[in-house]
Number of protein chains: 2
Amino acid sequence: MAETRDRILDALGALLPEVGPAGATLEAVAARAEVSKGGLLYHFGSKEALYAGFLARLEEATAGEVERMRASADHGVETFLRVSSVTDDHFTRTFLSALVLIGTPEVDAAATVARVLAAYRSAVEECVPDPVLARLVQLVGDGLYLNAMVGSLDPAEDDQVIARVVAMTHP
Amino acid sequence: MAETRDRILDALGALLPEVGPAGATLEAVAARAEVSKGGLLYHFGSKEALYAGFLARLEEATAGEVERMRASADHGVETFLRVSSVTDDHFTRTFLSALVLIGTPEVDAAATVARVLAAYRSAVEECVPDPVLARLVQLVGDGLYLNAMVGSLDPAEDDQVIARVVAMTHP
DNA sequence: GATGCTGTACCGTCCAGCCGGTACAGTAGT
DNA sequence: ACTACTGTACCGGCTGGACGGTACAGCATC
């Protein structure tokens, strides 16, 4: 069942920011997903496959997020920056987990993250004509992600920054 | 000798972005530093101590970088953003290595990175009166770091973004 | 000959992956 | 309808290898 698979991937995503890749052993992931280690290995034949599945789901989710941006009323800039600055969002948490995965030998998380960033970038470019400004928007969003990763968000100030950037994109 | 110590830390810094924390075994670090494992453990009694030493040196280097910013002719904003967007800088590489360390159980790299970001932030705030604009500058810099980590820098465009941001900080 | 440092051999632990097994559907032939 | 068989989902013990850390012997230089 795909349901168990998703539960396993959710468990991995929950574990990664807490204990890092080193602590995310197959047994730990299995326990968190309430599956035995054997059961986990039935769905994902190796740790590499597990990580690959996780990153694949992130890329799928990215497509959905980008769609949500495009569909947002005025334009996607604010939607984009809001997601970047909120840590209790499912997508943000998944993305941060992927960042933690960078450097693990089993999988090339950096490449996946790069693709995610690229997808966002082209989406921002769609609604911000000036390419330099579009890149600036994206960089601010990425900066928010980095700060979220190390727990350095400053909600009050960041809200004002977002407002300022949004204003810049309005002629 | 402090020279050997530094060589070991350099080896760790060189290894981390290449193979990640999992690949940075004591033996691998020792080999890269052209020291035996025993020699490494003479200087750093444990892996935790090795990581701690690495992060401590990063914090020291941060102080130096911030000083360089303060001393820069016009103001530090451009100096800051330039460093963030150049991957062959020693400090940048060390910083990126520390990012890869986030999530390892031996050491709290996130806290160190947070302190580094905070140091930069207060330095930027010194030369940019408007706090919102200062935070924006810092977020752009952090975004550049994140993009550097996954190899998504776009030098041509990023140069223009830096110029734009610098212009914004000039009244 | 003491001190600072190096190299090596070894131990204990931990973990990924394997494998033999269980349960429980279907499903088909009778 | 029951029996025999097959595939899917899952379990948990085992093992081989890797890695962190220890012990100890060697070797400069002072």
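Each chain gets a letter, A, B and so on, in the order the sequences are listed, and its residues count up from 1. Scope of the values below: all heavy atoms of this structure, side chains included, with no hydrogens, waters or symmetry mates.
The side chain of A/His43 places no N or O atom within less than 4.0 Å of a non-bridging phosphate oxygen (OP1 or OP2) of D/dT8. For B/Tyr42, no side-chain nitrogen or oxygen approaches OP1 or OP2 of C/dT6 to under 4.0 Å. Side-chain N/O atoms of B/Ser36 include none lying less than 4.0 angstrom from OP1 or OP2 on C/dT6.
Annotation: side chain to side chain donor-acceptor pair (under 3.5 Å) contacts of B/Glu34 (sequence neighbours excluded): none. Scored by the side chain to side chain donor-acceptor pair (under 3.5 Å) test, B/Arg93 finds no partners at all (sequence neighbours excluded). Among residues two or more places apart in sequence or in another chain, the salt bridge (charged side-chain N to carboxylate O under 4.0 Å, His left out) test is passed with B/Asp158 by A/Arg135. Every residue two or more places apart in sequence or in another chain that forms a side chain to side chain donor-acceptor pair (under 3.5 Å) with A/Glu126 is listed here: A/Arg70.
We find that CG of A/Leu40 is positioned 10 Å from P of C/dA16, with the value rounded to whole Å. For the pair A/Phe44 CZ and D/dT8 P, the computed distance is 17 Å after rounding to whole Å.
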For nucleotides 20-27 of chain D, which of its nitrogen or oxygen atoms have a protein nitrogen or oxygen under 3.5 Å away, and what is each distance?
residue : atom : partner : partner atom : Å
D/dG20  : OP1  : B/Lys47 : NZ           : 2.6
D/dG20  : OP2  : B/Leu26 : N            : 3.1
D/dG20  : N7   : B/Lys37 : NZ           : 3.1
D/dG21  : OP2  : B/Lys47 : N            : 2.6
D/dG21  : N7   : B/Lys37 : NZ           : 3.1
D/dG21  : O6   : B/Lys37 : NZ           : 2.6

Please determine whether side-chain contact (heavy atoms from CB on, under 4.5 Å) holds for the pair A/Val77 and A/Cys127, giving the CA-CA distance in whole Å, both sets of side-chain angles, and the decisive distance to 0.1 Å. CA-CA 8 Å; A/Val77 172; A/Cys127 50; 4.2 Å; yes
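Residue pairs satisfying the ring-ring contact (aromatic ring centres under 6.0 Å, His included) criterion with at least one member in residues 116-162 of chain A, sequence neighbours excluded, are listed as follows: A/Phe80-A/Tyr120, A/Phe95-A/Tyr145.
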